[in-house]
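Naming convention: chains lettered A, B, ... in sequence-line order (proteins, then strands); numbering from 1 in each chain.
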Amino acid sequence: MTLRLHDTLTRQEEPFAPRDPERVRMYVCGPTVYDLAHVGNARPVVVFDVLFRLLRHTYGEGKVVYVRNVTDIDDKINAAAKANGEPIRALTDRTLAAYHADMDALGALRPTHEPRATEFVAPMIAMIGRLIAAGNAYEADGHVLFSVPSFSAYGQLSRRNRDEMIAGARVDVAPYKRDPADFVLWKPSPEGIPGWDSPWGRGRPGWHIECSAMSETLLGETFDLHGGGLDLIFPHHENEIAQSVCAHGGLRTETHFARHWVHNGFVMVNGEKMSKSLGNFWTVRELLEEGIPGEAIRLALLKTHYRQPLDLTRERIAEAKADLDRFYGALRRAPGRKGGTLDAGFVAALEDDLNTPAAIDLHLKRRLAAVNEGEAGAADALLAMGAILGLLQQDPEAWFKGDGDASIDALVDARVAARKARNFAEADRIRKLLAEQGIVLEDTPQGTLWKRAG
RNA sequence: GGCGCGGUGGCCGAGUGGCUAGGCACCGGACUGCAAAUCCGUUUAUCCCGGUUCGAUUCCGGGCCGCGCCUCCA
């Protein structure tokens, strides 16, 4: 069995075949660092983290190179910094640190490389120069624009043609464009806005060029997989293909540039896309501050197939938390060890276009039942499968107790003594006392366990 | 207007041309000093209309509904 992934280019499942199994390369579009990430932003992070873990499992930990860029040149950043009266670098550093903290809480591994746009301006300028020299771009009115008619394959990813796009355009076409579909590679920066010196004057790059320059620098002209949210297909990824392919000398083979294009569906709220502009978003940070474990958010995301829309509700998150309570409860009573064997069906489910719901509901749950029935090795298998999904790796005691509390332990001990003396009135009094503090007790043959409810 | 995605039982959510996952919730039972946890059992479905087929939830066509992209967007 080999990994099969739905490819946006062909709109079909395709077998995943890296060019070089010794160096599997993936690129995923990362955050624009001007504000906290919401759950919609977190979905691709979690989805591609599972893919990253699966590929590391298949090809070896050191054999997978995962690049996720950080966009720190952007007009929204400029506006936010101005509004805060804060230097741009301070804003982007602070936002990136928050992003890291939040994504860490979701159990996402750090990518191999996290290039920042500000560190790649020179490669971007060089690439733009090549595009001009090749006749794929032109300078006009202080801007450099990509000439869409110069690239015959334009539109193949999003399956739209130029004429349709122009007919349906909802924005005015800038007067300096030769063709209405042309897009900006470089634009002038007025005073007070970040700018870099270039052959076309002081300016800043357009949105799309950073990914082309970064992927080329860090992964080479061709790599194995390019991912991101559904909303990036057009125009971002379409334009990226045009820039990269033309900068690399034009279309040579069908699999030029990225070989597989993988896009995740949206997080929805009440049937609508979660987005900053609609204002219907929950930041990861606010959920964490409410006391929801990051792992519960992660599981809530993974219980839906990555290409399906996911309607996120409090109930969903609570259900994921309850699932984890069961898993950790079982692991608490029967601790597993690292190095367990993965169930074959589990890997097969993930290799079937990352079918995480099947992997969880079928295989993880089956092993959970086996752990509860005392089957040898079941907890080990559960831990091993959890590691591929980025779940169940915490200490079960810590999951239930948080930082712990000596006063609770003392009360629990007092109740154990009362029970031993068959003083059930006192035992129940203590249990009630603890329940008022949100502590739930569990008497087991091995002793009394406690956990925080909710 | 153009392009695209989806509609499964109370809820979530997969697979599959016939043998119809799984989870959650609910209900009943076992276990327990009482609980908790766990285990056992029960229940409910494939948007509508045609077509192909011996047979469709699954394939094809049409319709209805919801959503998305075409502007920044994960």
Side-chain angles (χ1 to χ4, degrees), chain A residues 8 11 28-32 34-35 37-48 68 71 74-76 79 155 158-161 163-172 181 207 227-236 238 263-268 270-278 281 300-301 303-311 313 315-316 318-320 322-323 325-326 329-330 332-333 345 349 352-353 355-366 368-369 371-374 419 422-425 427-428 431-432 435 439-445 448-451 453:
Chain A
T8 308
R11 308 284 160 111
V28 176
C29 289
T32 300
Y34 70 103
D35 202 358
H38 63 237
V39 185
N41 300 314
R43 191 176 189 190
V45 174
V46 169
V47 164
F48 289 104
R68 186 179 65 204
T71 300
D74 181 89
D75 287 351
K76 286 195 294 288
S158 57
R159 307 225 167 165
R160 8 179 138 218
N161 68 53
D163 295 338
E164 288 166 355
M165 279 166 31
I166 293 164
R170 288 188 277 159
V171 283
D172 293 334
W207 174 34
L230 213 52
D231 45 5
L232 294 180
I233 295 173
F234 190 89
H236 184 53
E238 194 70 75
H263 292 94
N264 63 276
F266 299 128
V267 173
M268 316 289 280
N270 295 322
E272 282 186 314
K273 177 184 174 185
M274 178 180 284
S275 70
K276 292 255 164 81
S277 50
L278 285 173
F281 60 88
L301 293 173
K303 283 180 74 166
T304 296
H305 182 87
Y306 77 93
R307 286 193 291 111
Q308 292 295 117
L310 187 165
D311 217 323
T313 60
E315 290 71 31
R316 251 192 98 86
E319 191 180 304
D323 285 335
D325 283 341
R326 286 190 198 94
R332 186 187 209 185
R333 293 183 297 267
D352 179 15
D353 198 26
N355 192 343
T356 52
I360 293 164
D361 282 342
L362 239 43
H363 304 287
L364 250 55
K365 296 278 183 161
R366 183 184 299 157
L368 169 63
V371 173
N372 285 328
E373 283 161 21
R419 283 186 76 219
R422 299 196 67 81
N423 183 354
F424 296 121
D428 288 350
R431 176 163 50 212
K432 197 178 168 208
I439 305 299
V440 178
L441 300 177
E442 190 178 320
D443 295 324
T444 76
T448 297
L449 305 175
W450 66 267
K451 64 186 177 187

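- When the P atom of rC5(B) is taken as reference, atom CE of M268(A) falls 15 Å away, rounded to whole Å.
- Nucleotides rA25(B) and rA36(B) have their P atoms positioned 13 Å apart, rounded to a whole Å.
- Residue N372(A) places none of its side-chain N or O atoms closer than 4.0 Å to OP1 or OP2 of rA37(B).
- Counting non-hydrogen atoms under 4.0 angstrom, Q308(A) reaches the backbone sugars and phosphates but no base.
- In this structure, L232(A) reaches the sugar-phosphate backbone alone: every heavy-atom distance under 4.0 Å involves primed, P, OP1 or OP2 atoms, never a base.
- A gap of 27 Å separates the C1' atoms of rU16(B) and rG41(B), to the nearest Å.
- For D428(A) against rG33(B), a side-chain-to-base donor-acceptor contact under 3.5 Å is present.
- Side-chain proximity of E442(A) to rG33(B), rG4(B), rA37(B): nearest is rA37(B).
- In terms of heavy atoms, P44(A) sits closest to N264(A) at CB-OD1, 3.2 Å.
- Closest to the side chain of R160(A), from the set rG33(B), rG68(B), rC70(B), is rC70(B).
- The same atom, P, is picked in rU58(B) and in rU42(B); the two are 29 Å apart, to the nearest Å.
- For L310(A) and rC67(B), the CG to P distance is 17 Å, given to the nearest whole Å.
- Rounded to whole Å, atom P of rG2(B) lies 20 Å from atom CD1 of I233(A).
- The residue R307(A) sits apart from the nucleic acid: no heavy atom pair falls under 4.0 Å.
- The P atoms of rU20(B) and rG13(B) are separated by 23 Å, rounded to the nearest whole Å.
- R68(A) forms no cation-pi arrangement with F48(A), by the criterion of a distance under 6.0 Å to the ring centre and an angle within 45° of the ring axis.
- Of the two residues near RNA chain B, L441(A) and E319(A), the one whose nearest nucleotide lies more 5' is E319(A).
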Practice item. Mind running side chain to side chain contact (heavy atoms under 4.5 Å, CB included) on T356(A) and Y306(A) for me, showing each step along the way? Key: CA-CA 8 Å; T356(A) 52; Y306(A) 77 93; over 6 Å; no

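- The phosphate of rG13(B) (OP1 or OP2) has a side-chain N or O of R316(A) nearer than 4.0 angstrom.
- A salt bridge links D231(A) with K273(A); the closest basic N to acidic carboxylate O contact falls under 4.0 Å.
- Nucleotide rG41(B) forms a Watson-Crick or G-U wobble pair with rC27(B), both donor-acceptor distances falling under 3.5 Å.
- The partner of rC59(B) is rG51(B), by the rule that a Watson-Crick or G-U pair needs both atom distances under 3.5 Å.
- For rC3(B), the paired nucleotide is rG68(B), the pair qualifying as Watson-Crick or G-U wobble because both relevant distances are below 3.5 Å.
- Of the P atoms belonging to rC64(B) and rC54(B), the separation is 31 Å, rounded to the nearest Å.
- Projected onto RNA chain B by closest heavy-atom contact, V267(A) and P357(A) fall at different nucleotides, the more 5' of which corresponds to P357(A).
- Comparing rA14(B), rA36(B), rG23(B) by their closest approach to the side chain of N355(A) singles out rA14(B).
- You'll find a donor-acceptor pair under 3.5 Å spanning the side chain of D361(A) and the base of rG22(B), going by distance alone.
- For rG33(B), the base has a donor-acceptor partner in the side chain of R419(A) [N/O atoms by modelled type, under 3.5 angstrom].
- Annotation: rC40(B) and rG23(B) have their P atoms spaced 10 Å apart (nearest Å).
- Here rC72(B) presents its P atom at 16 Å from CG of L278(A), a figure rounded to the nearest Å.
- Note: CG (D352(A)) to C1' (rU16(B)) measures 12 Å, nearest angstrom.
- When the C1' atom is compared between rU57(B) and rC27(B), the two are found 28 Å apart, to the nearest whole Å.
- Following rounding to the nearest Å, R326(A) (CZ) and rG23(B) (C1') show an atom-to-atom distance of 9 Å.
- Going from the P atom of rC3(B) to that of rG61(B) covers 15 Å, rounded to whole Å.
- Each of rA74(B), rG22(B), rC39(B) was ranked by its minimum atom distance to the side chain of A369(A); first place goes to rC39(B).
- Rounded to an integer number of Å, the gap from NZ of K276(A) to P of rC72(B) is 16 Å.
- Listed candidates were rA21(B), rC72(B), rA36(B). Nearest to the side chain of L362(A) is rA21(B).
- rG33(B) makes up no base pair with any nucleotide shown, lacking Watson-Crick or G-U wobble contacts both under 3.5 Å.
- Using a 4.0 Å heavy-atom criterion, one finds that H305(A) contacts the sugar-phosphate atoms exclusively.
- V28(A) comes within 4.0 angstrom of no nucleic acid atom, judged by non-hydrogen atoms across all strands.
- Around CZ of R11(A), the count of heavy atoms belonging to other residues, nucleotides or ligands within 6.0 Å exceeds 12.
- Atom CG of L364(A) is separated from atom CZ of R326(A) by 13.0 Å, given to the nearest 0.5 angstrom.
- In terms of phosphate contacts, T304(A) brings a side-chain nitrogen or oxygen within less than 4.0 Å of OP1 or OP2 of rG13(B).
- Atom P of nucleotide rA74(B) and atom NE2 of H236(A) are separated by 10 Å, given to the nearest angstrom.
- Atoms CD and CZ, from E238(A) and R159(A) in turn, are 11.0 Å apart once rounded to the nearest 0.5 Å.
- Looking at E319(A) and K303(A), a side-chain N of the basic residue comes within less than 4.0 Å of a carboxylate O on the acidic one, giving a salt bridge.
- In this structure, K273(A) reaches the bases: a heavy-atom distance under 4.0 Å links it to at least one base atom across the strands shown.
- Within the nucleic acid shown, G228(A) comes within 4.0 Å of sugar-phosphate atoms alone, with no base atom in reach, counting heavy atoms only.
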